[in-house]
2 protein chains.
Amino acid sequence: MASRIRAEDWECPLSTTVEQVGEWWTLLILHDAFDGYTRFDQFQGNLGISSSMLTARLKALVADGLLERRPYQTNPVRYEYVLTDRGRSLRPVLVALAAWGNARLAPEERSMVLVAADTGEEVEPVVVDARTGRRLDDSDAYVFAAGPAASADMLSRYAGRVPLRAQGA
Amino acid sequence: MASRIRAEDWECPLSTTVEQVGEWWTLLILHDAFDGYTRFDQFQGNLGISSSMLTARLKALVADGLLERRPYQTNPVRYEYVLTDRGRSLRPVLVALAAWGNARLAPEERSMVLVAADTGEEVEPVVVDARTGRRLDDSDAYVFAAGPAASADMLSRYAGRVPLRAQGA
DNA sequence: CAGTATCCTGTCCGATACTG
DNA sequence: CAGTATCGGACAGGATACTG
């Protein structure tokens, strides 16, 4: 779970990711972790999740390598949950989700915004192509295409619908 | 559902968005829609979803204003589902999710990548601040802060943990 | 083709109680 | 404080059958 998926099991980046992330609780717990919370009762208090469910979710998060469980005191031993690099790498997903909510769902007077920690300036998160800087927003200028390892049935599904890339390289 | 949320019900951009998006099926159907599919049996064939579940999801999507249901022929009348602007605005979320899967989950030889439709060049999606162009990736340089409409209990939760913005403006 | 209706199973998830 | 164990309801969601 914690690492990469076997090539045979990899079909679609989206559905596989969705399956791996598992449930929405995952994202909400991670959000708390990004806010600096690390402890069981903090998560429980903030999220209003039952202890049994929280236990299950935390176990899954640790098994998936998104959180690390480590003792922060001995006698009695107590554990906290801290983000791994892998966990931190999910931040753009949370940001994109929250940005959409702010733009499309929030009342005019937003209650929660993303700001730069140093300047306090409000941030407007957008998804762009790192190489060209062009926004990926809602244009049809970007499509999902079959890569080198695409299987036959995937190619048949996508054939003619999206530009195929060179198979060799 | 289709429009904004009442101010009293707005607590956290993430949890509210998650609630509104509803289920993972929503994202997967939307992904198909972005690929240009519009019809019931296309969705069903691609996703392997049961017809009853698909009906329910499509209804919710239409009610939420993410898809538009419209007849594409008469006698007998047949319907198709096309993306609305609101639906298209969710694209960055899908892209962020898929990008994470590609980066962290996929086998080395990725099977599906995002490419520019004109050049065929592969795209590397990142989330940045539209104003400064700085990446929001995994840095701690950005935090969620209380906005003008924050309620008292939200402020108490976030007080001291994240920089608060001016209450007045 | 584009659904609707019904049945059925799994499991998400809160409530409650208990533990070192 | 940081969980574990158990119970039970609600519902997600597939299978199947039926319709204009």
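Worth saying up front: this structure is predicted, and the values here are computed from it rather than measured. In the text below, chain A, chain B and the rest are named by the order of the sequence lines, each starting its count at 1.
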Rounded to whole angstroms, how far apart are [atom1] on [X] and [atom2] on [N]?
X	N	atom1	atom2	value
B/L54	C/dA2	CG	P	11 Å
A/W24	C/dC13	CH2	P	12 Å
B/Q44	C/dG3	CD	P	11 Å
B/R69	C/dA2	CZ	C1'	9 Å
A/L67	D/dA2	CG	P	15 Å
B/L61	C/dA2	CG	P	17 Å
B/L58	C/dG3	CG	P	7 Å
A/N75	D/dC1	CG	P	17 Å

Review point. With distance as the sole criterion, is a donor-acceptor pair present between the side chains of B/T17 and A/W100 under 3.5 Å?
Key: no
Check your understanding: So what does B/Y81 hit on the nucleic acid, given a heavy-atom distance under 4.0 Å: a base, only sugar-phosphate, or nothing?
Key -> sugar-phosphate
Under 4.0 Å between a side-chain N/O of [X] and OP1 or OP2 of [N], yes or no?
X	N	result
B/R39	C/dA2	yes
B/Y72	C/dA2	yes
B/Y79	C/dC1	no
B/K59	C/dA2	no

Point to revise | Residues which pass side chain to side chain donor-acceptor pair (under 3.5 Å) with A/R134, listed by chain and number, not counting sequence neighbours | key: A/Y142
Point to revise | Transitive ILVMFWY cluster of A/Y72, excluding itself - 4.5 Å side-chain cut-off | key: none
Point to revise | ILVMFWY cluster membership beyond A/V82 - transitive side-chain contacts under 4.5 angstrom | key: none
Check your understanding: Between the two end axes of the helix from C/dC1-D/dG20 to C/dT19-D/dA2, each built from 5 base pairs, what angle do you get to the nearest 10°?
Key -> 40°
Review point. Restricting to pairs with a member in residues 65-75 of chain B, which pass salt bridge (charged side-chain N to carboxylate O under 4.0 Å, His left out), not counting sequence neighbours?
Key: B/R70-B/E80
Point to revise | Of all pairs that satisfy salt bridge (charged side-chain N to carboxylate O under 4.0 Å, His left out), the ones with a partner from residues 43-54 of chain B, not counting sequence neighbours | key: none
Review point. Taking protein heavy atoms under 4.0 Å as touching, what does nucleotides 5-20 of chain D look like 5' to 3' if B marks base contact, S marks sugar-phosphate-only contact and - marks none?
Key: B-------BBBB---B
Check your understanding: Are side-chain heavy atoms of B/D35 and B/H31 found at a separation under 4.5 Å?
Key -> yes
Practice item. Return the set of residues passing ring pair (Phe, Tyr, Trp, His ring centres under 6.0 Å) with A/W25 (not counting sequence neighbours), or none when no residue passes. Key: none
Atom pairs and distances, side-chain donor-acceptor, residues 49-56 of chain A, under 3.5 Å, sequence neighbours left out:
from, atom 1, to, atom 2, distance (Å)
A/S50, OG, A/M53, N, 3.4
A/T55, OG1, A/S51, O, 2.9

